[in-house]
**Student:** 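Here it is, the structure in full.
Bear in mind that the values here come from a model prediction, so they are computed numbers and not experimental data.
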Amino acid sequence: MSAPNPGLEGACKLLETPSDRLFEVIASEYAALAESYGPRNVLVLKRHPAGLERVRSALAAVDTASNTASPQLESVPEHASKVLEANDPTRKRLEYEERIELISLVIDGASQAVPAYIERASGHESFARDVGQLLLEATRQQRHLSDLEESADERGDGTDPARESLAFLYAMNDRFHEELEERGYVERADVIPQAVSLLEGDEAFADRIRSEFDAVLALEFEEFRRLDRRYLAALSAEADLVCLGESHASVERTRVEPGRIEDLVGPGLCLKRLESGVGDAGPPHRAITRLLATGRVPDEDDPNSRARTIRTRTAREQLDAVASEIQSLRARHGWSHDAFAVAVPSIERVPDTRRRLREAGLPTATIGTPSLADDPAVTELYAFVRCQCDRRRHGADVVHDRRERRNRTELDIAYERLAARVPEFSPALLEACDDSSVSRALERWIRHTDLKGRVAEGESWVDAREQYAGIRRVLEVARFVEATDLVAPDWAGLRRMIERTIRYDAPYVHTVETAVPTGGVTVCPLSGLKYDRRRVVFVLDLLEEVYPGEQHLTSLFPTAWLRGLSSYPAVTDLTPDTVRETFETAPDRLGDPFSAYHAQRARRRLALASRAATDRLYCCSYERSADGLRRTFERSRYLSTLESTPGIRLESVDPDATATIRSASSGREAILSQPRAATEDVLREASTGGTADLASVEELFEELAVVVDDERIDDDFAEALYSQFEFAAGEVMRRD
């Protein structure tokens, strides 16, 4: 367990549990400091950027004697970045696209022998992304090759593949940062470590930074890691420091550092516990949040212990049910799309979830940077780049030649995509937009084809805003290609960088800013809701294999290799006592400490997601997969715990009972599902000795026949409906 940091001096105030009173307490603590020092002299630091705007709104509403000043509110990475800039304005922050390119060149040019395991792993598509993530975390925690070599408990004969591979990657990371230093760059993950070194090593500069404020309010203190606490100590050495956090709420810190925050504050902080809220006032599921976070069972007459559950047959139907419930609630209460949030287990689930909700007629937004791989404007620009590469290699006539070929290649798809999106597309248009400067050529394409106009005309303003951001990112990549010596400033170099950017994009970007989702249903990982509030929150995939699921630290190595490898940048070497010291919800009898530790982190994530809902909480799950294996899934143990706890009331929502079809895609799917559903109902009644209502089934089939005969119905849809009747009858092959 990490040692307390003795450099922190001031007050540490912790809410007893994750509380719906959080923003009220934040406003109260800020008001007290603002009255004493003035709003301009109070620096508010939040550990993570997510939720900054919610905090800003709460602070702006505080009534002080001089409330005209905007609050000084920043995330820790953002503030540390400004500290480095104040010391050296010429120092450039390495953007994610640039990092991908530079680190790949460093690994490719490694002079030392590549371990056999790394050599084999490099063939996997996710290799570069997984290496990048591991090295980001190693940089944040300042793990170096020398630390691995000096670790007495990990000395051996060098044949252990995990240790050998980790040593190679740490060596590459050290070399990577040497390259950054030579080029005048600083990596985003290295911002806080460098700022700590600067403040601790240059007292005159530190005094200049400290002169800008008289008090510091540190929010989300439970997530401050060891290095974050050092940064806060160096920054607030001459200021009145108030650290505000929540017990039983750390998810990100406990991934890399075990222990409860109250045991890590050090002797210089005066610890005070704040009540989390009692009584009838509050969200109807407050007791559920408390039970998940602390294990404390509510009173049987507690009015704040109600939530709703949605259970469907498949994952696809789960999202359909969520979409129907959102539309129903909007119709009944008039709530805007912004009032809803859909929480998914991981960032990888965001694109598919958004796509499904959009098909159901719902606009969506996401916390952070949307994925470029799902951005139509970006894929159009990438297709343009591919075509220009092709023209440079083979000449303009290749466009006509490809249309005669039977086998569709990736380049064929690129040409077809441009032809489908741009009515006036032709080889002459490609030639007209070409230029010796790749960035100018992209700008010509955007202008000549009216890309932004087409986006504005064909998309909702939420989607248009995101696609404009994607266009900007592609242009930034093009300008970087022309300005750097890392790659050739031509179409081939641009294509390579855009491919890498799309492949290892947004879910893995280490940013200091987070975009605020507005104008649509928010779709985000659970962690994105910690400092958010929505009227309604749907927590998806409450399955045993997801919550808690099986914790894997990285796709690079088997988890079994990493258990006990203390030099890996995550919590790996665990004992039962460490688990109990970190989580109040840990049972007395533990099996594998590693699995138990991360199971408790999963439980805590659910607690924090439930706290984000102010009016309604929905716990969603499904029974089986949609693949050919037809696997069945158990409900999460935490959902079972809620169901079996006296005083907790979970209302089951039937998604079909009040569902209303509000989009063409939903209507088509509803019609196509009728033959099989009606046939299954008849067979079910027959097998159980019941009586089926054949008259209603016959009436339904007659109505479907009328639909098929309608001349306005597409032939493909009619064919699909015929196929559904055949499948329902048990026919595998079409009868002639």
Side-chain angles (χ1 to χ4, degrees), residues 11-35 39 42-64 67 69-76 215-224 242-252 261 272-290 293 304 335-336 338-341 343 367 514 516-518 522 524 526-537 604-605 607-617:
C12 178
K13 301 182 180 183
L14 298 177
L15 285 156
E16 292 180 330
T17 62
S19 172
D20 51 273
R21 292 184 56 237
L22 176 62
F23 289 99
E24 173 188 333
V25 174
I26 290 174
S28 175
E29 294 298 328
Y30 175 74
L33 292 174
E35 287 294 341
V42 179
L43 173 64
V44 183
L45 290 179
K46 184 178 178 297
R47 175 56 192 91
H48 295 293
L52 272 178
E53 290 307 312
R54 294 282 178 180
V55 176
R56 194 180 307 279
S57 298
L59 300 185
V62 171
D63 185 17
T64 64
N67 60 357
S70 299
Q72 290 191 66
L73 170 64
E74 294 176 295
S75 68
V76 173
V216 177
L217 176 60
L219 305 181
E220 205 175 13
F221 186 63
E222 71 279 359
E223 299 290 19
F224 275 62
V242 177
C243 301
L244 182 61
E246 300 173 284
S247 297
H248 315 292
S250 173
V251 174
E252 291 301 316
I261 190 62
K272 179 181 180 181
R273 296 194 177 276
L274 306 176
E275 290 187 1
S276 297
V278 293
D280 295 341
H285 47 273
R286 175 190 284 168
I288 292 176
T289 300
R290 186 167 59 246
N304 304 124
W335 292 338
S336 67
D338 299 71
F340 300 88
I367 293 177
T514 297
V516 182
T518 57
T522 297
C524 64
L526 266 72
S527 57
L529 293 176
K530 184 174 182 180
Y531 263 66
D532 205 346
R533 293 293 181 273
R534 303 285 163 155
R535 282 188 176 273
V536 184
V537 172
R604 185 172 284 181
R605 291 171 65 215
L608 295 171
S610 71
R611 191 264 300 273
T614 62
D615 290 57
R616 290 176 177 238
L617 171 66

**Student:** Please find the pair of heavy atoms, one from Thr289 and one from Ser610, that lie closest to each other, and give the distance.
**Tutor:** OG1-OG, 2.7 Å
**Student:** Kindly give the heavy-atom pair with the smallest separation between Arg290 and Thr17, and that separation in Å.
**Tutor:** CG-CG2, 4.3 Å
**Student:** May I ask you to test the Tyr531-Ile26 pair for a side-chain heavy-atom distance under 4.5 Å?
**Tutor:** yes
**Student:** Would Asp338 and Arg534 count as a side-chain contact (heavy atoms from CB on, under 4.5 Å) here? Give the steps.
**Tutor:** CA-CA 8 Å; Asp338 299 71; Arg534 303 285 163 155; 4.3 Å; yes
**Student:** Mind checking the CG-CZ spacing from Leu45 to Phe221? Nearest 0.5 Å is all I need.
**Tutor:** 12.0 Å
**Student:** Testing the basics here: between Val62 and Ala58, what is the closest heavy-atom pair and its distance to 0.1 Å?
**Tutor:** CG2-O, 3.5 Å
**Student:** Would you indicate whether the side-chain heavy atoms of Arg605 and Ser527 approach each other to under 4.5 Å?
**Tutor:** no
**Student:** Are any of the side-chain nitrogens in Lys530 or Glu223 under 4.0 Å away from the carboxylate oxygens of its partner?
**Tutor:** yes
**Student:** Any donor-acceptor pair under 3.5 Å linking the side chain of Asn304 with the backbone of Pro283?
**Tutor:** yes
**Student:** Which heavy-atom pair separates Gly282 from Asp20 by the least distance, and what is that distance?
**Tutor:** CA-OD2, 4.3 Å
**Student:** Roughly how far, to the nearest 0.5 Å, is CD of Glu252 from CZ of Phe224?
**Tutor:** 13.5 Å
**Student:** Do Arg533 and Leu22 make a side-chain contact, defined as non-hydrogen atoms from C-beta onward lying under 4.5 Å apart?
**Tutor:** yes
**Student:** Kindly say whether Ala613 contributes a backbone atom to a donor-acceptor pair with the side chain of His285 at under 3.5 angstrom?
**Tutor:** yes
**Student:** Can you tell me how far CZ of Arg611 sits from CG of Leu529, rounded to the nearest 0.5 angstrom?
**Tutor:** 10.0 Å
**Student:** For the atom pair CZ (Arg21) and CZ (Arg286), what is the distance rounded to the nearest 0.5 Å?
**Tutor:** 8.5 Å
**Student:** Within the 4.5 Å heavy-atom criterion, are Arg604 and Ser250 side-chain neighbours or not?
**Tutor:** yes
**Student:** Taking atom CD1 of Ile261 and atom SG of Cys12, what is their separation to the nearest 0.5 Å?
**Tutor:** 7.0 Å
**Student:** Please determine whether side-chain contact (heavy atoms from CB on, under 4.5 Å) holds for the pair Leu274 and Leu244, giving the CA-CA distance in whole Å, both sets of side-chain angles, and the decisive distance to 0.1 Å.
**Tutor:** CA-CA 10 Å; Leu274 306 176; Leu244 182 61; 4.0 Å; yes
**Student:** Once you round to the nearest 0.5 Å, how far does CZ of Arg54 lie from CG of Asp532?
**Tutor:** 4.5 Å
**Student:** So which heavy atom on Pro18 is nearest to which on Ala249, and how close?
**Tutor:** CG-CB, 4.0 Å
**Student:** Please determine if Glu16 and Arg273 form a salt bridge, counting it only when a charged side-chain N lies under 4.0 Å from a carboxylate O.
**Tutor:** no
**Student:** Of Glu29, Glu222, Glu246, which meets salt bridge (Lys or Arg N to Asp or Glu O under 4.0 Å) against Lys13?
**Tutor:** Glu29
**Student:** Can you tell me if Ser28 uses its side chain to pair, donor with acceptor, with the backbone of Glu24 under 3.5 Å?
**Tutor:** no
**Student:** State, to 0.1 Å, how close Asp615 and Trp335 come at their nearest heavy-atom pair, and which atoms those are.
**Tutor:** OD2-CZ2, 4.1 Å
